[in-house]
*Asks:* 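Could you have a look at this structure, given as structure tokens, before my questions?
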Amino acid sequence: MTTNLLANELKLPCGAVIKNRIGKSAMSENMGTRDRKSNESLNKLYDRWAKGGTGLLITGNVMIDHTALGEPRNVVFEKGHIDENLKLWTKAGTQNNTHLWTQINHPGKQSPKYLSKTPVSPSAVAFKAPLSAMFNPPRALTEAEIYNLIERYAYAAKVSKDNGFTGVQIHGAHGYLVSQFLSPRHNIRTDQWGGTIENRMRFVSEIYKAMRKEVGPQFPLSIKLNSADFQKGGFTKEESMTVVQYLSEQGMDLIEISGGTYEAPVMTGKSVVVKDSTKLREAYFLDYCEDVRKVVKTPIMLTGGFRTADGMNEALATGSCDIIGLARSLAVNPEFSNDLLKGKNVESSVKPLTTGLKFLDNIVPLEIMWYTEQLKMIGRGENPQPNMSAMKCALGTIWNIGTQGFKKVRAKE
Ligand SMILES: Cc1cc2nc3c(=O)[nH]c(=O)nc-3n(C[C@H](O)[C@H](O)[C@H](O)COP(=O)(O)O)c2cc1C
């Protein structure tokens with residue numbers, strides 16, 4: 001490695017400048033207060049990350065409706081819900097000239113059973129087994145509800161800007177509501193919100209326009225999008241490219257590329273089918289980015305699989321992406337970016353997790369639970385524990401899910 005491209009700044013189409021090429025991708029902290037506000041733990045976590053050298057910090061998903069949560073301790077931005085501590089969160093996360101963006105999300109039907117009795121989705125299409133054990137069958141949104149949700153996304157962008165966040169990202173990936181609209185497997189509507197890809201992307205396109213109206217032309221807006229859903233009958237690579245092209249023309253400032261859903265969780269590396277050349281370059285969706293780069297100039301953030309300074313520099317050198325997205329590496333080492341920026345040939349300690357028991361690995365979302373524990377430790381002011389036992393985490397998760405189910409902690413419906 002001769003030149004450390006990670007240290008270069010990046011100017012976005014809206015004019016904002018990110019001080020280097022490392023972005024922390026969203027990781028749901030599930031750490032808010034019981035009434036879904038931010039708190040001291042989040043401030044501590046983001047203080048540590050901001051001091052750790054990463055140029056762009058994207059928060060874990062912030063929800064737009066307290067009756068539709070992905071996890072019980074999600075932070076919510078919605079009308080009538082005043083979070084008086086938000087400016088402490090943004091003060092911590094914007095130190096050191098760091099960009100801090102919110103990731104705005106609605107889970108749609110990916111809201112666990114114990115939180116949503118009847119979740120909403122573009123269509124009343126239920127998950128099949130094994131996910132049907134986790135999520136209740138949804139009902140289809142009415143058109144009036146769709147317009148209401150678009151307003152909610154835009155309102156959350158306004159709250160972000162008013163409270164000192166320096167940008168916003170729409171969560172359009174991983175099977176949540178925007179992704180459900182995009183997928184013909186989950187969206188079988190026959191009105192203007194379903195059918196052709198032009199109709200299926202109307203929801204995200206209206207969200208983008210409504211957000212832009214709220215925040216103005218100089219505020220960074222971004223989307224996290226799947227390169228594909230990796231499912232039969234799902235959102236394809238070609239459709240994803242169409243969405244990227246359209247949103248780029250509309251003025252999107254940064255497009256983050258990921259892939260997969262709960263049905264095919266390739267975003268954390270499970271069963272990703274990649275070319276050998278891609279494997280060598282670490283990142284799961286690099287070949288997709290190479291194709292996207294040929295059709296759009298919008299800055300691209302690529303997330304999933306990056307572990308070494310060399311691999312990251314190589315991806316930047318080819319021009320296929322402009323920002324390296326990191327998630328798990330920054331959960332076990334919040335100062336990893338400082339090491340990368342020093343130009344050392346550093347490598348992340350992230351390795352695949354296993355309890356040693358295949359059936360347990362299959363029923364517990366270990367990659368999420370184990371790393372969430374790491375975030376909680378940082379939020380308590382402790383150091384993460386990269387050697388924490390996966391078995392202990394899996395058993396703790398089963399216990400907690402059982403207890404939550406028992407208590408029937410439901411969001412008001
Ligand atoms: C604990 C945890 C929580 C996550 N939460 C989110 C989230 O809220 N929004 C999102 O877009 N992706 C989320 N992800 C996915 C990551 O942003 C990222 O796409 C994935 O971990 C691959 O990147 P990595 O190989 O650098 O970890 C989460 C991942 C983990 C491990």
Side-chain angles (χ1 to χ4, degrees), residues 22-32 42 45 49 54 56-64 69-71 73-76 101-107 110-111 168-179 222-227 230 254-262 264-270 272 274 281-286 288 301-308 311-312 315 321 323-334 336-337 340 347-353 364-379 384 386 388 390 393 397:
I22 313 173
K24 182 199 81 73
S25 192
M27 275 182 283
S28 190
E29 304 90 6
N30 194 17
M31 245 159 66
L42 283 167
L45 175 62
W49 269 328
T54 307
L56 166 62
L57 299 176
I58 302 178
T59 67
N61 52 186
V62 166
M63 298 297 171
I64 58 172
L69 302 177
E71 291 138 325
R73 294 298 183 98
N74 288 147
V75 171
V76 174
W101 299 1
T102 43
Q103 185 188 59
I104 307 297
N105 193 21
H106 185 296
Q110 261 178 197
S111 177
V168 164
Q169 180 179 74
I170 302 166
H171 195 346
H174 304 168
Y176 292 100
L177 188 61
V178 168
S179 163
S222 160
I223 183 165
K224 184 166 183 177
L225 190 70
N226 275 357
S227 54
F230 298 91
L254 181 74
I255 298 179
E256 180 182 356
I257 299 301
S258 182
T261 66
Y262 277 40
V266 300
M267 62 288 228
T268 48
K270 275 201 175 163
V272 179
V274 285
R281 287 175 287 160
E282 302 176 10
Y284 312 143
F285 312 109
L286 191 53
Y288 172 88
M301 170 163 156
L302 173 58
T303 300
F306 279 116
R307 301 291 175 256
T308 67
M312 297 176 205
C321 66
I323 295 197
I324 302 297
L326 300 176
R328 288 166 289 179
S329 301
L330 292 170
V332 286
N333 179 3
F336 187 49
S337 300
L340 289 166
E347 187 167 343
S348 157
S349 63
V350 166
K351 297 276 177 317
L353 292 172
V364 175
L366 203 51
E367 293 288 335
I368 300 294
M369 306 317 296
W370 190 90
Y371 285 96
T372 308
E373 280 307 310
Q374 304 291 340
L375 303 186
K376 286 187 180 152
M377 286 180 230
I378 307 173
M388 191 177 85
C393 175
T397 303

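All ligand and atom numbering here is 1-based and tracks the order in the structure.
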*Asks:* Quick one: side-chain contact (heavy atoms from CB on, under 4.5 Å) partners of Thr397, sequence neighbours excluded?
*Replies:*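 In terms of side-chain contact (heavy atoms from CB on, under 4.5 Å), with neighbours along the sequence ignored, Thr397 is linked to Val364, Met369, Cys393, Ile401.
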*Asks:* Would you mind telling me if ligand 1 is within reach of the side chain of Leu326, the backbone, both or neither, using heavy atoms under 4.0 Å?
*Replies:*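 Looking at Leu326 and ligand 1, just backbone atoms fall under 4.0 Å.
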*Asks:* Could you tell me, atom by atom, which parts of ligand 1 come under 4.0 Å of a heavy atom of Gly304?
*Replies:*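 So the answer, numbered in order with elements, is 22 (C), 23 (O), 25 (O).
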*Asks:* Once side-chain contact (heavy atoms from CB on, under 4.5 Å) is applied, do any residues pair with Pro352, and if so which ones, sequence neighbours excluded?
*Replies:*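 Per chain and number, Pro352 pairs via side-chain contact (heavy atoms from CB on, under 4.5 Å) with no residue.
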*Asks:* Counting from 1, what ligand 1 atoms have a heavy atom of Gln103 closer than 4.0 Å?
*Replies:*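 What qualifies from ligand 1 is 7 (C), 8 (O), 9 (N), 10 (C), 11 (O).
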*Asks:* Taking distance alone, with N or O pairs closer than 3.5 Å, would you say Ala26 contacts ligand 1?
*Replies:*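 Checking ligand 1 against Ala26, an N or O pair does fall under 3.5 Å apart.
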*Asks:* Is the shortest N/O to N/O distance between Lys224 and ligand 1 below 3.5 Å?
*Replies:*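 It does: an N or O of Lys224 is found under 3.5 Å from an N or O of ligand 1.
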*Asks:* Within the structure, does Ala327 bring an N/O atom to less than 3.5 angstrom of an N/O atom in ligand 1?
*Replies:*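 By distance alone, the answer is yes.
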*Asks:* Ligand 1 and Thr372, any nitrogen or oxygen pair closer than 3.5 angstrom?
*Replies:*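 Such a contact does not occur with ligand 1.
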*Asks:* Look at the aromatic rings of Tyr176 and Tyr262 and report parallel, tilted or perpendicular, splitting at 30° and 60°.
*Replies:*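 Taking Tyr262 first and then Tyr176, their aromatic rings stand perpendicular (interplane angle over 60°).
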*Asks:* Provide the number and element of each atom of ligand 1 under 4.0 Å from a heavy atom of Glu367.
*Replies:*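 So the atoms of ligand 1 that pass are 31 (C).
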*Asks:* When only distance counts, is Gly60 in polar contact with ligand 1, meaning an N/O pair under 3.5 Å?
*Replies:*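 Such a contact does not occur with ligand 1.
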*Asks:* Quick one: CD1 on Ile255 to CD on Gln169, what's the gap to the nearest 0.5 Å?
*Replies:*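 If we round to the nearest 0.5 Å, Ile255:CD1 and Gln169:CD are 10.5 Å apart.
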*Asks:* Check ligand 1 against Asn61 and write out every atom of the ligand that is under 4.0 Å from a heavy-atom position of the residue.
*Replies:*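 Those qualifying, in numeric order: 8 (O).
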*Asks:* Can an N or O of Tyr371 be found at a distance shorter than 3.5 Å from an N or O of ligand 1?
*Replies:*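 Between Tyr371 and ligand 1, no N or O pair is found under 3.5 Å apart.
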*Asks:* Do Ser329 and ligand 1 have an N or O pair less than 3.5 Å apart?
*Replies:*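 No.
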*Asks:* Considering the heavy atoms of Thr303, write down every atom of ligand 1 situated less than 4.0 Å from one of them.
*Replies:*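 Answer, ordered by atom number: 18 (C), 19 (O), 23 (O).
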*Asks:* Does the side chain of Met31 come within less than 4.5 Å of Leu45's, by heavy atoms?
*Replies:*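 Of all side-chain heavy-atom pairs linking Met31 with Leu45, at least one is under 4.5 Å.
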*Asks:* Quick one: does Arg307 get within less than 4.0 Å of ligand 1, heavy atoms only?
*Replies:*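 Contact present.
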*Asks:* Among Leu302, Leu326, Ile22, which residue meets the side chain to side chain contact (heavy atoms under 4.5 Å, CB included) test with Met312?
*Replies:*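 Option passing the side chain to side chain contact (heavy atoms under 4.5 Å, CB included) with Met312: Leu326.
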*Asks:* To the nearest 0.5 angstrom, please state how far the CG atom of Leu177 sits from the OG atom of Ser111.
*Replies:*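 Between atom CG of Leu177 and atom OG of Ser111 there are 11.5 Å.
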*Asks:* Between Glu256 and Ser25, do the side chains contain a donor N or O and an acceptor N or O under 3.5 Å apart?
*Replies:*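 Indeed, the side chains of Ser25 and Glu256 share at least one donor-acceptor pair under 3.5 Å.
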*Asks:* Tell me the protein heavy atom at minimum distance from atom 27 (O) of ligand 1, and give that distance in Å.
*Replies:*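 Here the closest protein heavy atom is Arg328 NE, 2.6 Å.
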